[in-house]
Amino acid sequence: MKPNFIEELKWRGILHDMMPGTEEELAKGMATGYIGFDPTADSLHVGSLAQIMTLLRFQLAGHKPLALVGGATGMVGDPSGKSAERNLLDSDTLNKNVDGIKKQLSHFLDFDCGANSAELVNNYDWFKNFSFLDFIRDAGKHITVNYMMAKDSVKNRITGETGMSFTEFSYQLIQGYDFYHLWKEKKCKLQMGGSDQWGNITTGTEFIRRKASGEAFALTTQLIKKSDGTKFGKTEGGNVWLDREKTSPYKFYQFWLNVSDEDSKSYIRIFTLLNQQEIEELEAKQQAAPHERHLQKALAKDITIRVHSEADYLQAIETSEFLFKSKAEDVSKLDVNNFERMLGGIDTFEVSKADVANGINMIDLLVEKAPVFTGKGKAREMVTANAVSLNKNKTTDVNTSINLSHFTGEKFLLVSKGKKENYLIKLK
RNA sequence: GGGUCAGUACCAGAGUGGCCAAAUGGGGCAGACUGUAAAUCUGCUGCGCAAGCUUCGGUGGUUCGAAUCCAUCCUGGCCCA
């Protein structure tokens, strides 16, 4: 028996709001619904993962999911939640981004399972030949400026202090037209998205109603919050991406493992398919032995395997064990091959052998040759603050000279900055 | 086009001729305590080992001395047309 989509979202704490009648519509049988993804970068990040999971749950509940990549909307820029005008992306970048995102989305959904197979669409396809005059006549005529101005995304900017360009103002109309297009061409009756998308989505349902007297529905999900109020999905290194070239599986795994106790309870519901009973069992275990972090481990495992692979997950664990548990002796026992395999997932700097052959001051090495630190002052500060280890040996003397003998197999040196950040220096 | 207000470090925001590398808060980083959690406490947070150097939208000027005064330009808000 297939799960009920709405019920599923409710107990997981994902549902934020939906239009009246949405639940009844879905109960009638297979429905088609979509979520849009912005091509602001060439990879999706963990924030988009929540929406991907929503689409996946939609499909698992027997419905047909459409994933829309915003090739056209990306050219305009969504003002929702933005306090300032965005920079426009040029079309080369945009195309590259659209391709990258399409590729990623195709990993998560089932595109070959009969009637409710997922589909990937790009709104650029129906906007590229749409002239401006046609658009303002066919679309613009159905929505009043008064209606558009009443949206929070617009109101905030008008009453705020930055203003808003006509380009961004018109964004909601473009997204609204998308919904209409999919409604007409694919019988898509539901648009989903984060709660910040409510305004844009309802412009779509309104548009469908006014232009075609049609019925369409909206459903929004809770924005992912962190208990400390900071932005979800960022680490020291910036965004956490789904692309392994941008965020290695090891770092990806670490990101989830480092989630706070409080957040892990909601994340495990949002980002995994584990059922209610499994989650409650994990919570009980967590309660009994908080330091074992059952929730974080289960969360990190599930997501790492889904986004990367089982092998990547196992490697991430091995690397983690090594980096966090090992002592200096353990590092010295590693041979070159193990070093390479174990630490492939951390940031690596290549330094020429000649630079260290005659010995080099550690500060110079870590700033100029392998920029672990951004400035010498910073580097000195960290070293004196007892924050830097070389091959797991705490090093507090800024005058330490590094030579070949410090490198395992004359090839690798593990530099740790603080407790959690590790870098590999590789001689070539 | 006219009027008006504004532009300060990652962000917010004080400073309105020397005491200013620039208050304060937030964020970030590190240390201690822990569990790679949270909370708390401590230190750091323009560059430089240092002397010193470069910063307060841009440029030019006044002055012994400018983030601060003047001119001009750029950018943005609001109001009027």
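A note on names: the letters A, B, ... follow the listed sequences, proteins ahead of strands, and every chain is numbered from 1.
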Q: Determine the Euclidean distance between corresponding C1' atoms of B/U24 and B/G58; express it in Å to zero decimal places.
A: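 Nearest-Å result for B/G58 against B/U24 at atom C1': 29 Å.
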
Q: Check the surroundings of atom NZ in A/K417: do more than 12 heavy atoms from other residues, nucleotides or ligands lie under 6.0 Å from it?
A: yes

Q: Could you state the atom-to-atom distance from CG of A/D364 to P of B/G48 in whole Å?
A: 12 Å

Q: Whole Å only: how far is the CZ atom of A/F373 from the P atom of B/C47?
A: 14 Å

Q: Among side-chain atoms of A/Q222 and A/S195, is any donor-acceptor pair under 3.5 angstrom?
A: no

Q: Output the rounded distance in Å from CG (A/N386) to P (B/C29).
A: 18 Å

Q: Taking only Watson-Crick and G-U wobble pairs with both distances under 3.5 Å, what dot-bracket line describes RNA chain B, where [ ] shows pairs that cross earlier ones and | shows pairs with another strand?
A: ((((((((.[[[..)..(.....]]]((((((.......))))))((....))...[[[[[..)....]]]]]))))))).

Q: Would you check, one step at a time, whether the test side chain to side chain contact (heavy atoms under 4.5 Å, CB included) holds for A/T272 with A/Y267?
A: CA-CA 8 Å; A/T272 75; A/Y267 293 177; over 6 Å; no

Q: If you measure from OG on A/S416 to CG on A/N422, what distance do you get to the nearest 0.5 Å?
A: 4.0 Å

Q: Taking CZ in A/R137 as the centre, count heavy atoms belonging to other residues, nucleotides or ligands within less than 6.0 Å. Is the count above 12?
A: no

Q: Could you run down nucleotides 34-46 of chain B 5' to 3' and tag each one B, S or - for protein heavy-atom contact under 4.0 Å?
A: BBBBS-----S--

Q: Between A/E23 and A/E7, which heavy-atom pair has the shortest distance, and what is it?
A: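 The answer is OE2-OE2, 3.6 Å.
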
